[in-house]
Each structure stands twice: as C-alpha cells, then as structure tokens.
Amino acid sequence: MSTYTAPDAAAAVARLQSLIRIPTVSRLDAAEVDWEQFRRLIDALPGMYPLAHEYLDRELVAGHSMLYRWAGLEEGAPSVLMAHYDVVAASDEGWRHPPFSGEIVEEGGQRLIWGRGTLDDKGSMVAILEAVEGALAEGFRPLHDIYLCFGHNEETAGDGAARVVDLLESRGVRPRLVSDEGGAVVEGIFPGVDDPIAVVGVAEKGIMSLVLTVEQQGGHASTPPRLAATARLARAIVALNKRPFRAGFTPTNLEMIRTLGAHARNPLRFAFTNLWLTKPLLLLLFKRLSDETAAIVRTTQVVTQLDGAMASNALAERATATVNIRIAIGSSVAEAVEHVRRAINDPLVRLEVHGPSEPSPVSPTSGAAWQAVKDSIEETYPGTIVTPYVMLGASDSRHFTRISDHVYRFSPFEMSKEERGTLHAKNERMRVDTFLRGIEFYRRLIARL
Ligand SMILES: [Zn+2]
C-alpha cells in the first residue's frame, strides 16, 4: 500500500478548509436552518472529488443526506463508511480564530486547522472522500460494494440516517461492517496506562428525557399552600438524586479493563487483570474516580430543565422538570422509568417519556469486521492499544444496528483531553498531522473491504 504523499496532503488540507467555511449549521427548528449552505456543500463535492463522483453513484435522502454506492468487483455483503456534515452552531465570540474561517494556525509546534466541524464531523467525511479519491486515482476497485453515508442532521438527532437505513433495508442490504464517528485515539484516560489508546465504540447507551410534572390549583403567592407544586417537584428531584441507578460492569466494560489493564504499570496491572479478585474494588473506583468513569458503569440521570410559574408573585399551576437519562447496556427504557417512579414514590408527580431510544446491541470484538478496523488502526497509529468501549453519547450509527451486527464507532484522529473539550464548544480545531493520518486509516480500511 502506498502512503500519503505531500502534494496530495496540501490539497487535502485545502479541501477540508474550504468545506469548514460552509456553515452547515443544524438547528432544532428545521425552519431556521439555512438550507442554502447544505446545498452549497452538496454541490461543491463533485468538483473537489471528480473520480469519486464518476465512479460512485450518489443519491440524496431525506433532502440533504448523501448516500454513495461504490460498486464492488464481486457479489457479497457491502460495508458502510459514515460521517455527518452538519455542525452545531457557533458564534465568533470566545473563539481565538473564527469558527468558520478554516484558518491554518501554528501553535506549539503544531499546524492546526481551525473551526467548527473539524473534529465533529466534517473531518471524517473529508478523510473518507480523500481516501476514496486517492484509491481511485491509483486504480483501486473494492472487492465488495462500499457505501458512503453523510448525514445532514445528526446533531439534532434528525431523520437523515434513519431514512438511509430504511432505503438500504428495502433494498435488502445487510452490511458486513459499518463505521461511524465515536471513539478516537486518546491518552491518559486509563489509570496506569501511558501508551495511546484507540477506543472503538461497539455499543452506545440508550437515551430519553423524562418530564416530571406536578399540577395544582393556581393562586396568589401571598397565600401559598403547605406544599406548593414547585416544592413537591423539588422534593421529587432530591429523592431522585439520592437514588442513582445501580452500578455494574457490562461485558464490554470488563473487556476494556482487561485489554488496557494488560498494558498498565504494576500494581494496577495486577488489579486490572485479576478481576475475579478485584472487581468490587474496581467498581467502587469507577464510581468515584471521575464523572466519565461513573457514567461508564451505570445508567445516568440528571435534571436539565426546570419550569414553574409565569410570574414571580403567582403560584405555579404546573411545575416541570426534565430529567435526561442515558441508559446502560443491558437495561431498558422501561426499567429506567420504573426506577425513577420508585425513587420519587409520589403519585402526584406525573412521568412522561420523550424521545426514548433503547441501548444499542453490542458488536463483536472478533471476526473479520472488527479485525479490519483494529488492523487499520494499528497500522496507522503504531504502538496504540485498541480497545472496545461503550459510547456514552448517541450517534447516527445506532440506526444501522437494524441492518448490521457489526457497527463500530471510531473517529480515526488523535484527540487530546483539551481537544475533546472543544466538541460542541469553543475553539474546535484539528491537528493537520492527525487529519492526514485519518485519511491513511480510511485508505487501509477500504483496502480490506
Ligand atoms: Zn458528531
């Protein structure tokens, strides 16, 4: 396999820059979306990737999601490479360089590409297209069909990817491998391990919002009842906070601990590789170590929104709290609702489920599809430990679990803790080096499909 060469690299970076400059911003209210920008990006791609648009068929799904099919040489189950090109909103305020500038910045001996969408997730889309274009230029043809799926409303949990899956399902497509954003190459996330770690999401937690409502006769705040609706609601929230979900390791958690633990320094290595002895202690450690490790071992619940009276001197006729819940693998929406009901234990607090999505199935960590991802990572990032994990957030790929048992969530980029903190926040940017490595990753993966 050829490695990426410098002249291509400069052009690839320029293409990413120009696509960052198209503000394809997702908004919850679809009427507020500037669809013209999405159209601009869709129209820009054929000129940038002429071979890809000559050899692959492209169709638009649900308006602006793109589905490409690259015909393989043989019959057989296809693969799907996914990314999304919508981004969350960003204003110039607080950004060291403007979010849609696509500026190249030298910082700390690194060249950085600045802007919204570099890490999440235009960087992946561009890396996939670069890999396809590069492979075609060398005369490569895939053995089996490869689909590219670029969603247009992932950030608002929209319908793009779901409609793509409907379409593929209706055509009888059963992918042997689906790759989407998710984990990355990270460092310092696991106690006692200094090597870089590639975390590959083999599952993702479920999600739902639970709206708690207390209703009561209204009136003037000067003559309040003993327990106002707001107070009853507050009591329910306190009760809920006192009752976290039960913690436990899933099989994926344990595999991650064993995989990474084998590379840890002693005595941690001993603790991580003798789980028969140390599991209870480790569970305690995970619950306390950080918010992230705590979220790994249980269903999480957090009140995100509160609403009460219309005026400061009126009693609330209706007090509501929204609880955002992320459901652990092995549990369910129904189980989570039951837990909350019991914790609150008050029939006057009404529960209403919004936007429920069950935890995903778990993709295997053996077999050809897993091995293709793992080998491609190890060749691209030598010395990196590859481990499965359960993704804490949700991605478009969850829809694909309907038609594939092999869904892997991995963005092939190095991301420091600080860089991960820029996702959906200020100063999102990507190192040029890691962007180019991401292209190499997809080149290697494509060659295996
Ligand atoms: Zn994303």
Side-chain angles (χ1 to χ4, degrees), residues 1-22 24 40-58 66-70 79-87 102-104 111-142 146-151 177-182 184-185 372-373 376-377 379-381 410-415 428-449:
M1 168 164 325
S2 69
T3 46
Y4 219 63
T5 50
D8 292 332
V13 170
R15 284 187 284 263
L16 175 58
Q17 286 178 281
S18 65
L19 292 172
I20 294 298
R21 290 181 189 128
I22 304 178
T24 45
R40 268 179 70 202
L41 187 140
I42 290 169
D43 291 345
L45 295 181
M48 291 174 143
Y49 302 102
L51 292 176
H53 290 80
E54 184 186 333
Y55 285 88
L56 282 67
D57 299 317
R58 176 168 85 166
M66 293 176 266
L67 177 65
Y68 291 81
R69 178 172 165 268
W70 190 1
S79 300
V80 183
L81 305 179
M82 298 176 65
H84 65 89
Y85 72 95
D86 62 320
V87 298
E103 249 175 80
I104 299 283
R111 291 180 72 230
L112 309 167
I113 310 169
W114 214 266
R116 176 62 87 225
T118 46
L119 298 174
D120 183 16
D121 184 34
K122 278 181 185 165
S124 287
M125 180 185 78
V126 175
I128 291 168
L129 285 168
E130 293 291 338
V132 170
E133 188 77 5
L136 281 166
E138 286 178 9
F140 174 85
R141 301 291 177 273
I146 296 176
Y147 289 92
L148 315 181
C149 169
F150 302 139
L177 182 153
V178 176
S179 106
D180 194 12
E181 64 174 339
V185 178
V373 173
S376 302
I377 296 171
E379 284 171 16
T380 309
Y381 291 98
F410 175 71
S411 307
F413 304 117
E414 272 179 309
M415 295 189 203
E428 181 179 349
R429 75 268 187 190
M430 181 187 265
R431 288 172 246 164
V432 168
D433 278 355
T434 200
F435 168 60
L436 298 177
R437 287 235 233 169
I439 301 171
E440 285 178 37
F441 166 82
Y442 285 117
R443 284 294 294 271
R444 293 188 164 104
L445 186 58
I446 285 170
R448 292 184 160 95
L449 302 179

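Fair warning: this is a prediction, and the values are worked out from it, not measured in the lab.
- Distance check: K122 NZ to D86 CG gives 9.0 Å after rounding to the nearest 0.5 Å.
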Could you go through the side-chain contact (heavy atoms from CB on, under 4.5 Å) check for L81 and I446 one step at a time?
CA-CA 9 Å; L81 305 179; I446 285 170; 3.9 Å; yes

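- Judged as a side-chain hydrogen bond (donor to acceptor under 3.5 Å, both in side chains), and not counting sequence neighbours, the contacts of D121 are S124.
- Between R429 and I20, every side-chain heavy-atom pair lies at or beyond the 4.5 Å cut-off.
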For V87 and D120: C-alpha separation, side-chain torsions, deciding distance, then whether side-chain contact (heavy atoms from CB on, under 4.5 Å) applies.
CA-CA 7 Å; V87 298; D120 183 16; over 6 Å; no

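- For A135 against W70, the heavy-atom pair with the smallest separation is CB-CH2, 4.1 Å.
- Between the side chain of E133 and the backbone N or O of A52 there is at least one donor-acceptor pair closer than 3.5 Å.
- Atoms CZ and CD1, from R58 and I42 in turn, are 6.5 Å apart once rounded to the nearest 0.5 Å.
- Residue A131 comes nearest to Y442 through the heavy atom pair CB-CB, 3.6 Å, listed as atom of the first residue, atom of the second, then distance.
- A 4.5 Å side-chain heavy-atom check between V132 and L51 finds every atom pair outside the cut-off.
- Side-chain atoms of P142 and L449, non-hydrogen and from C-beta on, never get closer than 4.5 Å to each other.
- Taking the side chain as every heavy atom from C-beta outward, F435 and T118 never approach each other to under 4.5 Å.
- A distance of 11.5 Å separates CG of L119 from CD of E414, quoted to the nearest 0.5 Å.
- In this structure, the separation between CE on M82 and CG on L67 is 10.0 Å, given to the nearest 0.5 Å.
- For the pair R141 and Y55, the distance from NZ or CZ to the six-membered ring centre is under 6.0 Å and the angle to the ring normal is within 45 degrees.
- With R437 contributing its side chain and T380 its backbone, the two residues share a donor-acceptor pair below 3.5 Å.
- In terms of heavy-atom proximity, S18 sits nearest to M48 at OG-CE, 2.8 Å.
- G102 approaches I113 most closely through the heavy-atom pair O-CG2, 4.3 Å.
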L148 and L129: side-chain contact (heavy atoms from CB on, under 4.5 Å), yes or no, with the steps?
CA-CA 9 Å; L148 315 181; L129 285 168; 4.2 Å; yes

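- The two atoms that bring G123 and L16 nearest to each other are CA-CD1, 4.1 Å, heavy atoms only.
- In terms of modelled atom types and a separation under 3.5 Å, the side chain of Y147 and the main chain of V178 share no donor-acceptor contact.
- Here S376 pairs with F441, R444, L445, R448 under the side-chain contact (heavy atoms from CB on, under 4.5 Å) rule; sequence neighbours left out.
- The minimum heavy-atom distance linking A184 with F413 is given by the pair CB-O, 3.4 Å.
- A distance of 10.5 Å separates CH2 in W114 from CD in E428, rounded to the nearest 0.5 Å.
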One pair to check against side-chain contact (heavy atoms from CB on, under 4.5 Å): L45 and Y68. What are the steps and the verdict?
CA-CA 12 Å; L45 295 181; Y68 291 81; 3.7 Å; yes

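- Taken to the nearest 0.5 Å, the CG atom of L19 stands 11.0 Å off from the OH atom of Y85.
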